[in-house]
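In what follows, chains are A, B, ... by sequence order, proteins preceding strands, each numbered from 1.
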Protein chains: 2
Amino acid sequence: MDSITDAAERLLQTTGSFTMPKLAKSLGVTASSLYNHISGREEIIELMRGRLLAQFPIEETTPGDWQDLVLSMLRLMRRAYCSVPALGPLLFTQTITHPAVISMYDRMATQFSEAGFADEELIPLISMLDSFAFGAALDHDAPHDVWEFPVAHDAEPSPLQRAIADNDPATRAERSFEYGCRLLIDGMRLQRER
Amino acid sequence: MDSITDAAERLLQTTGSFTMPKLAKSLGVTASSLYNHISGREEIIELMRGRLLAQFPIEETTPGDWQDLVLSMLRLMRRAYCSVPALGPLLFTQTITHPAVISMYDRMATQFSEAGFADEELIPLISMLDSFAFGAALDHDAPHDVWEFPVAHDAEPSPLQRAIADNDPATRAERSFEYGCRLLIDGMRLQRER
DNA sequence: ACCTGAACACCGTTCAAGT
DNA sequence: ACCTGAACACCGTTCAAGT
């Protein structure tokens, strides 16, 4: 059913997780009745992923602008990895055979090559971008408080403690990811100019 | 207790997961009896984290050289995450409370701050480095053939296909990681100069 | 066709009771 | 001091029974 996927997405967005009983309750129904419409929890996750990827087609980049391509690819990959947290590690440690995904990587490589990156850089470059997108995806599921300092009310706060105090936990992962994207693209630009 | 951490690590290495009942059973004891020695599941994970990082002492870095610190930190974090593959996702999704680990992050923040990075950049910066190190660690366990092209012997090979043909699978992850480190540090240098 | 309620096999954790 | 066994509040999933 489509409304189940809706409810699951809503639940994930509000509470950060979803369980079958809670999902059923939000639909005014019993957990067991969900199984009349879907095969199980995993199918719901798959449905959400499908919806997510359909939402973000990869065609939206400026032709010839490799920096634009990197940014949208990183965002796309992160979203994909985010959508199925438990499946992420599996995707990441399995040979990619899906033609559409292959052609996505191929397109990146081609554009990098045309932009002037050396052939022997292509694989390190793409692997590296992939690693970052994947790490950032898991970072998205990190707890709000990444660091918890031992209580010590005598000493003055360290730079990290001050930064934590000023930090908005709700947007930390997102900002860190975007910051990282910019840094990587800057680094790539520098590298391209030898 | 120390033997609990041992058993948990052993369980993770063999089965890829650990639960309190199974952990207890592997020690010939009941799940509830574990709570005489540790406060709960999270503490066991924290103990494993501490042990993991103690195993990989921080390299001697040149004092004041933030670029040197970034490089050795990235290498340290990656090796730590690599050492027990199944542990990575657990560590990454739990609040860090271990004092030694906290102080490691604190040291990075302090040095970045002294190097001239803005306070509001510290958390994105550190999160981003962490994401990359973690992603690179999981990339290390990726299959030798990351991409598998559909067979098509008529068309000429794409840049990615040529790059794959010239690629040494045994060192791909390592080279990609080092390449990424350089790119990130370059990006950081550019960012520091506004 | 769709829902319910009970049941099953799991979790992590608590606590009174034993030794 | 340490362990046990029962209990609690959760999971995801199955299935006979109802409408």
Side-chain angles (χ1 to χ4, degrees), chain A residues 1-52 81-91 138 140-146 148, chain B residues 1-52 84-98 101:
Chain A
M1 215 59 141
D2 221 36
S3 60
I4 292 179
T5 317
D6 279 337
E9 211 173 311
R10 214 176 310 125
L11 215 55
L12 269 180
Q13 253 147 6
T14 54
T15 70
S17 69
F18 87 96
T19 68
M20 299 304 270
K22 281 172 186 165
L23 177 56
K25 195 169 188 178
S26 82
L27 288 162
V29 109
T30 307
S32 55
S33 93
L34 296 173
Y35 291 81
N36 285 301
H37 308 98
I38 43 87
S39 68
R41 197 175 187 272
E42 292 196 352
E43 191 187 339
I44 299 174
I45 294 172
E46 271 312 290
L47 285 168
M48 285 194 284
R49 174 164 74 149
R51 174 181 296 192
L52 197 86
Y81 287 132
C82 265
S83 62
V84 201
L87 207 71
L90 291 180
L91 294 181
L138 266 109
H140 185 259
D141 298 320
H144 270 194
D145 295 321
V146 179
E148 189 180 297
Chain B
M1 216 54 142
D2 220 37
S3 60
I4 292 178
T5 317
D6 279 338
E9 211 174 309
R10 215 176 310 126
L11 216 53
L12 270 179
Q13 247 147 7
T14 54
T15 71
S17 69
F18 88 97
T19 68
M20 299 303 270
K22 281 172 187 166
L23 177 55
K25 196 169 189 179
S26 83
L27 288 162
V29 109
T30 308
S32 55
S33 93
L34 295 173
Y35 291 80
N36 285 302
H37 308 98
I38 43 85
S39 67
R41 194 175 187 272
E42 293 197 350
E43 192 186 338
I44 299 175
I45 295 173
E46 272 311 286
L47 285 170
M48 284 194 282
R49 194 208 303 267
R51 172 180 299 191
L52 206 63
V84 192
L87 186 55
L90 292 180
L91 294 185
F92 213 62
T93 52
Q94 184 170 304
T95 301
I96 299 168
T97 61
H98 196 292
V101 184

Please name the pair of heavy atoms, one in Leu27(B) and one in Ser3(B), separated by the smallest distance, quoted to 0.1 Å. CD2-O, 4.2 Å
Heavy-atom side-chain proximity of Ser17(A) to Thr15(A) below 4.5 angstrom: yes
Which part of the nucleic acid, if any, lies within reach of Thr19(B) when heavy atoms closer than 4.0 Å are counted: base, sugar-phosphate only, or nothing? sugar-phosphate
Straight-line distance of Leu47(B) CG to Ile38(B) CD1, nearest 0.5 Å: 8.5 Å
Without swapping roles, check the side chain of Thr19(A) against the backbone of Lys22(A) for a donor-acceptor pair under 3.5 Å. yes
Go through DNA chain C in 5' to 3' direction and return only the first and the last nucleotide with some atom under 4.0 Å of chain B's heavy atoms. dC11(C) to dC15(C)
Asp6(B) side chain near Arg51(B) side chain, heavy-atom distance below 4.5 Å: yes
Dot-bracket for DNA chain D, please, read 5' to 3', with Watson-Crick or G-U wobble pairs under 3.5 Å on both distances, ( ) within the strand, [ ] crossing, | other strand, . unpaired. ||.|||||...|||||.||
Would one find more than 12 heavy atoms of other residues, nucleotides or ligands at under 6.0 Å from atom CD of Glu42(A)? no
Give a yes/no verdict on a cation-pi contact between Arg41(A) and Phe18(A), requiring under 6.0 Å between NZ or CZ and the six-membered ring centre and an angle within 45° of the axis. yes
Quick check on DNA chain D: between Lys22(A) and Ser32(A), whose nearest nucleotide comes earlier from the 5' end? Lys22(A)
Should Tyr35(A) and Met20(A) count as side-chain neighbours, where that means a heavy-atom distance under 4.5 Å? yes
